[in-house]
Colleague: 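Take a look at the following structure, please.
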Amino acid sequence: MKENSFVSADDIRSAFSAAMSVMYREEVPAYGTLMELVAKVNDDTLSADPALKQRLDATDSLDRISEERHGAIRLGTPAELSMMRRVYAVMGMYPVGYYDLSTAGVPVHSTAFRPVGDAALKRNPFRVFTSLLRLDLIADESLRAESAAILAERRIFTPVAVELTEKAERDGGLDKTDAERFVSEVLETFRWHDKANVSADMYKRLHDAHRLIADVVSFKGPHINHLTPRTLDIDQVQALMPEYGIAPKAVVEGPPTRKCPILLRQTSFKALEEAVSYRDADGEWKAGSHTARFGEIEQRGIALTPKGRALYDELLEASRKIVRPAADGSNAREYEAALAKAFESFPDTWAGIREAGLGYFSYSLTEKGLKTRISDRRDVDALIADGLVQFDAIVYEDFLPVSAAGIFQSNLGDGAQQDFVASPNQKRFEIDLGATVLNEFDHYAGIEAASIESCLRALTAAIAAE
Ligand code: OOG
Ligand code: NI
């Protein structure tokens, strides 16, 4: 009886992402403006392309097309990370992928907590790019120790949020009343606090070491630093942002514009300078400012195999050797041209991508396949050649470290570039997390293999049944 009264994890996640969207729009009005622009461009794109509209209507919910797809937070301690993992699990969000951003001059490593599986993603795809600060990369030993001490003092979860997470773990879910309380209590963790935890002097020391350290250590909690709706035409939104009074980052991150979109393209408006106050030793509040929060948009394409990803990385690097995008946008055109040129060697038809083994596809029976029976298990190329099986791109649901670094950098201010020795440490991250992260390539390969298996089973089952 009890189990029937549980709200599904997918529904809790939907309620949470909706509540977060409302909160963030109130906190950051420019984000509301971006949402309006995205909705308008999505509407225009759909009116101009009835075929696209029809396709999306069949596969996605058109009325939710402009909703948030992801957000991001930055945590300070292993204990915060492992508790966050338990909180997300109540909402059906699990750690997928490991991203080392030290190579890009950002002292964090990260994962994405997201729904896994088609049904959950369709119901609500909301995910949170979650980073853990790496104090081990800070050279100044005393600053490192002071930061650790400040972080050890703070409690980012409300007691009720912790209690309800434990209850969900114990009972296997939450009923309606508890689920509603859970969403509003967890939202508190993501809220903005304009009163810093530290003195103006300490803030300055943290900020001088790295702006990101100041962002994580100085505040009561890991405020959501951006939300990201889906756009159907990222180039158009990027172009229109200034007209709407918001300043876009210099370039769109990721692959160039293509007929067959691959991976993920994203861009953002630059983080806003916001008023905060610091608490000095004598208990007085002192006015200052902090820059951390922004709005982002994303457009997703096909998930690439390790071979496709290697080619993507190679072409991206090749184009960046020709033109490295400047933060002020002064060479954005040249960068776009170099990127487009470099990617000419990446096939731009679905069949070409599939034949070269660059992308993951989901296979299904054609009309003919539905009516046909075969006695042997053939390979998928033969089934396609016989017209029995068709293929659709599997959408990339994860992130890209070079792009993430570009998003971080554009929001840390120009000239914030700093070098750290590359030091990926997935083992350490997983120990701190209290779980292993899912390998995204294995995951996509599994979806593809299962779709092939189900085609073969259907095609040969009819024979067995005879
Ligand atoms: C996260 C930046 C990464 C993305 O979309 O790649 C990210 C952050 O700024 O905390 O959200
Ligand atoms: Ni993002």
Side-chain angles (χ1 to χ4, degrees), residues 17 20-21 24 28 31 34-35 38 67-76 80-81 84 88 93 95-114 125-134 156 189-190 192 210-219 221-231 234 237-238 248-249 251-255 263-272 274 290-301 312 316 325 327 395-413 416-418 429 440:
S17 88
M20 187 106 94
S21 178
Y24 201 58
V28 183
Y31 177 66
L34 179 68
M35 286 293 276
V38 166
E67 279 180 4
E68 281 81 3
R69 299 291 150 142
H70 84 258
I73 56 168
R74 305 153 183 173
L75 299 170
E80 290 175 1
L81 181 65
M84 202 45 131
Y88 285 134
M93 297 158 82
V96 182
Y98 171 77
Y99 306 95
D100 166 36
L101 294 167
S102 64
T103 37
V106 184
V108 302
H109 49 181
S110 322
T111 189
F113 286 90
R114 70 166 175 92
F126 189 66
R127 56 215 115 186
V128 184
F129 191 95
T130 302
S131 300
L132 177 63
L133 179 64
R134 293 187 64 180
I156 66 168
T189 301
F190 293 76
W192 174 248
H210 196 289
R211 293 165 84 122
L212 204 99
I213 302 171
D215 184 52
V216 177
V217 177
S218 308
F219 297 92
H223 40 259
I224 183 88
N225 67 52
H226 67 280
L227 286 178
T228 311
R230 169 186 184 184
T231 171
I234 197 166
V237 179
Q238 172 86 349
K249 77 185 276 304
V251 297
V252 173
E253 296 291 339
L263 296 171
L264 168 66
R265 301 184 72 211
Q266 49 199 146
T267 185
S268 68
F269 65 76
K270 290 195 175 164
L272 309 165
E274 300 177 273
H290 180 65
T291 304
R293 302 193 300 165
F294 58 100
E296 188 192 6
I297 50 173
E298 63 165 55
Q299 188 166 16
R300 291 181 178 269
Y312 168 80
L316 186 68
V395 176
Y396 188 60
E397 304 290 356
D398 295 290
F399 292 87
L400 297 167
V402 175
S403 299
I407 297 283
F408 267 108
Q409 282 306 344
S410 72
N411 288 292
L412 292 174
Q417 187 74 41
Q418 225 180 78
F429 186 81
E440 66 265 34

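Just follow the structure's listing: the first ligand is 1, and inside any ligand the first atom is 1. The structure presented is a predicted model; accordingly, all values stated were derived computationally and were not measured. Computed from heavy atoms alone, side chains included, the values below leave out hydrogens, waters and symmetry copies.
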Colleague: With under 30° as parallel and over 60° as perpendicular, where do the rings of H109 and Y98 fit, or are they tilted in between?
Modeller: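 Because their plane-to-plane angle is over 60°, the rings of H109 and Y98 count as perpendicular.
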Colleague: Report yes or no: does S102 contribute a side-chain atom to a donor-acceptor pair with the main-chain N or O of D100 at less than 3.5 Å?
Modeller: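 No.
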Colleague: Just jot down the ring pair (Phe, Tyr, Trp, His ring centres under 6.0 Å) partners of F129, sequence neighbours excluded, or say none.
Modeller: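 Applying ring pair (Phe, Tyr, Trp, His ring centres under 6.0 Å) to F129 gives Y99, F399.
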Colleague: Per the side-chain contact (heavy atoms from CB on, under 4.5 Å) rule, which among L316, D398, V395, L400 passes with L263?
Modeller: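 Single side-chain contact (heavy atoms from CB on, under 4.5 Å) partner of L263 among L316, D398, V395, L400: L400.
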Colleague: Distances under 2.8 Å only: what protein N/O/S atoms are near the Ni ion (ligand 2), ordered by chain and residue?
Modeller: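 Checking every protein N, O and S atom gives H70 NE2, H226 NE2, E296 OE1.
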Colleague: Would the distance check show the side chain of E80 and the main-chain N or O of L75 forming a donor-acceptor pair, the cut-off being under 3.5 Å?
Modeller: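 Checking the backbone N and O of L75 against the side chain of E80, no donor-acceptor pair under 3.5 Å is found.
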Colleague: Using a strict 4.0 Å threshold on nitrogen-to-oxygen distance, state whether E274 and R293 make a salt bridge.
Modeller: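 Here E274 pairs with R293 in a salt bridge, since their nearest N and O are under 4.0 Å apart.
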Colleague: Is there a side-chain contact between M35 and Y24, using heavy atoms and a 4.5 Å cut-off?
Modeller: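 Result no, sub-4.5 Å side-chain heavy-atom pair not found.
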Colleague: Partners of Y396 by side-chain hydrogen bond (donor to acceptor under 3.5 Å, both in side chains), sequence neighbours excluded?
Modeller: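 For Y396, no residue satisfies side-chain hydrogen bond (donor to acceptor under 3.5 Å, both in side chains) once neighbours in sequence are set aside.
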Colleague: Protein residues near ligand 1, heavy-atom distance below 4.0 Å?
Modeller: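 Correct list: H70, A72, R74, F129, N225, H226, Q266, E296, F399, A404, F408.
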Colleague: Just one of R127, R69, R114 clears the salt bridge (Lys or Arg N to Asp or Glu O under 4.0 Å) bar with E397, so which one?
Modeller: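 When R127, R69, R114 are each tested with E397, the salt bridge (Lys or Arg N to Asp or Glu O under 4.0 Å) holds only for R127.
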